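Notes to accompany the following structure.
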Amino acid sequence: MNLPAIGLGTFRLQGQPVIDSVRNALDVGYRAIDTAQIYGNEADIGEAIGASGIARGELTLTTKIWTDNLAGDKLIDSLKDSLTRLRTDHVDLTLIHWPSPGGAVPLAESLQALAEARQQGLTRAIGISNFTIALSRQARELAGGDAIATNQVEISPYLQNRKLAAYARETGLHLTSYMTLAYGKVLADPVLVEIARKHGATPAQVALAWALQLGYAVIPSSTKRENLASNLKAVDLKLDEDDMAAIAALDRGERQANPEGLAPVWD
């Protein structure tokens, strides 16, 4: 599948804040929304989409299967529950949210269930999230060919994930960058501030444009309508070689998402 370059992230948003975020995002032009079972906001997102009046066919919806539901006898039923909450008969992309902790559920079992979900029309495409090079390679071997639509991983100017990025480039594995703004930490970075000033842009637009120019999809989140609209304009910002080199130099391996008991041994 061809994932939209930019979508709306909804991590940590529930209730009215996520309803308003989705409503505003759709209103200013977003057509891709990313959620997950563990976010506890699928029903809110379904409500917001339903109220928007936008045809389902115009939207790209992604959800992620939580680790408790990765077993073959749980995954499809859990996805059906997600669809009920989202008020739709299918999602466009379903990801394994995190590798099964300790390999408790074999990856082959989860991928087989995802493939079955796709055959049943419950999801149009399947993918992975927070997978290392070794796990990505295994997933692609098990799923076959280009069945893995994306690997959604943390990538920001402060965590450029270069080994995984190189593997992805070499093999044609698409990457989706989450936490591209590092929880907002990069927005005050003097390098990004200066590049933004040069282009008449915002630091957020610069960070997002950087990721987009590297070929990643991005899913920034915001509860502010003006920020949502501003972030969307990153697709039109073209950074030059000096800009890209300056941002490349910011990498410091600073990871925001590294939950104990869930995170694999990173590359």
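Just so you know, these numbers come straight off a predicted model, no measurement behind them.
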Query raised in the report: Do side-chain atoms of K233 reach the backbone of Q205 as a donor and acceptor pair under 3.5 angstrom?
Result: no
Query raised in the report: Can D267 and T132 be said to form a side-chain hydrogen bond (donor to acceptor under 3.5 Å, both in side chains), step by step?
Result: CA-CA 6 Å; D267 297 302; T132 60; 4.7 Å; no
Query raised in the report: What is the distance from atom CG of L61 to atom NE2 of H90, rounded to the nearest 0.5 Å?
Result: 7.5 Å
**Report entry** Main-chain N/O of P17 paired to S21 side chain as donor or acceptor, under 3.5 Å
**Finding:** no
Query raised in the report: Do R140 and D146 meet the salt-bridge criterion of a basic N to acidic O distance under 4.0 Å?
Result: yes
Query raised in the report: Is S177 reaching over with its side chain to a backbone N or O of I155, donor-acceptor style, under 3.5 angstrom?
Result: yes
Report summary line: What one should report as the nearest heavy-atom pair of E42 and S82 is OE2-OG, 2.9 Å
**Report entry** Test: K224 and E226 ion pair at under 4.0 Å
**Finding:** no
Query - K163 atom NZ: more than 12 heavy-atom contacts under 6.0 Å - result: no
Query raised in the report: With distance as the sole test, does S156 use its side chain to make a donor-acceptor pair with the main-chain N or O of T180 at under 3.5 Å?
Result: no
Requested in this report: For T84 and K80, indicate whether the former's side chain and the latter's backbone hold a donor-acceptor pair under 3.5 Å.
Outcome: yes
**Report entry** Beyond-backbone contact of N231 with L208, side-chain heavy atoms, under 4.5 angstrom
**Finding:** yes
Query raised in the report: So, the side chain of S129 versus the backbone of Q152: is there a donor-acceptor pair under 3.5 Å, distance only?
Result: yes
**Report entry** pair L228-Y30: side-chain heavy atoms closer than 4.5 Å
**Finding:** yes
Query raised in the report: Taking only residues two or more places apart in sequence, or in another chain, which ones meet Y183 in a ring-ring contact (aromatic ring centres under 6.0 Å, His included)?
Result: none
Requested in this report: Compare every heavy atom of A165 with every heavy atom of L175, then report the nearest pair and how far apart it is.
Outcome: CD1-CA, 4.0 Å
Query raised in the report: Applying the side-chain hydrogen bond (donor to acceptor under 3.5 Å, both in side chains) test to Q37, which of N69, D81, D68 qualifies?
Result: N69
Query raised in the report: Which is it for N130 and Y178 under the side-chain hydrogen bond (donor to acceptor under 3.5 Å, both in side chains) test, yes or no, and what are the steps along the way?
Result: CA-CA 10 Å; N130 299 300; Y178 73 77; 2.6 Å; yes
Query - Atom pair CG (L250) and CH2 (W210), whose distance is rounded to the nearest 0.5 Å - result: 8.5 Å
Query - Min side-chain heavy-atom separation M244-Q213 under 4.5 Å - result: yes
Query - Any V91 side-chain heavy atom under 4.5 Å of L83 side chain - result: yes
Report task. Could you pull out the closest heavy-atom pair between P99 and L135, with the gap in Å? Result -> CG-CD1, 3.6 Å
**Report entry** Rounded distance [0.5 Å steps], CH2 in W266 versus CZ in R255
**Finding:** 4.5 Å
Query raised in the report: Of the non-hydrogen atoms in I76 and A117, which two are nearest, and what is the gap between them?
Result: CD1-N, 4.0 Å
Query - Sidechain-backbone polar pair: N161 side chain, L164 backbone, donor-acceptor under 3.5 Å - result: no
Report summary line: Minimal heavy-atom distance between L8 and S221, with the atoms involved, is CD1-CA, 4.4 Å
Query raised in the report: Does R118 CZ have over 12 foreign heavy atoms under 6.0 Å away?
Result: yes
Requested in this report: Answer yes when R56 and D92 have at least one side-chain N-carboxylate O distance shorter than 4.0 Å, and no when they do not.
Outcome: yes
**Report entry** Beyond-backbone contact of I45 with V18, side-chain heavy atoms, under 4.5 angstrom
**Finding:** yes
Query raised in the report: Is any side-chain heavy atom of R87 closer than 4.5 Å to a side-chain heavy atom of E47?
Result: yes
Query raised in the report: Is the shortest side-chain N to carboxylate O distance from K64 to D34 below 4.0 Å?
Result: yes
Pairs of donor and acceptor atoms involving the side chains of residues 106-114, under 3.5 Å and at least two apart or interchain, shall be tabulated with distances.
| from | atom 1 | to | atom 2 | distance (Å) |
| --- | --- | --- | --- | --- |
| E109 | OE2 | G72 | N | 2.7 |
| S110 | OG | L70 | O | 2.8 |

Report task. Assess whether atom CG of N258 is packed by more than 12 heavy atoms of other residues, nucleotides or ligands within 6.0 Å. Result -> yes
Requested in this report: Measure across D243 and D240 and return the closest heavy-atom pair with its distance rounded to 0.1 Å.
Outcome: N-OD1, 2.8 Å
Query raised in the report: Is there a donor-acceptor pair closer than 3.5 Å between any side-chain N or O of Q160 and the backbone N or O of P157?
Result: yes
Report task. Kindly indicate whether the side chain of T35, heavy atoms from C-beta on, has any atom under 4.5 Å from the side chain of T62. Result -> no
Requested in this report: With side-chain hydrogen bond (donor to acceptor under 3.5 Å, both in side chains) as the test, would you mind laying out the steps for T150 and T176 before giving the verdict?
Outcome: CA-CA 6 Å; T150 196; T176 297; 2.9 Å; yes
Query - Close aromatic pair by centroid cut-off 6.0 Å: F131 and H97 - result: no
**Report entry** Short N-O contact, R23 and D44, less than 4.0 angstrom
**Finding:** no
Requested in this report: To the nearest 0.5 angstrom, please state how far the CG atom of D189 sits from the CG atom of L181.
Outcome: 12.0 Å
Report task. Mark yes or no for whether E254, through its side chain, and L159, through its backbone, hold a donor-acceptor pair below 3.5 Å. Result -> no
Report task. Calculate, to the nearest 0.5 Å, the distance between atoms CG and CG belonging to D236 and L212 respectively. Result -> 10.0 Å
Query raised in the report: What distance separates S52 OG from D27 CG, expressed to the nearest 0.5 Å?
Result: 9.5 Å
Query raised in the report: Can you check whether P4 reaches R31 side chain to side chain, under 4.5 Å on heavy atoms?
Result: no
**Report entry** Any donor-acceptor N/O pair, N41 side chain to T10 backbone, under 3.5 Å
**Finding:** yes
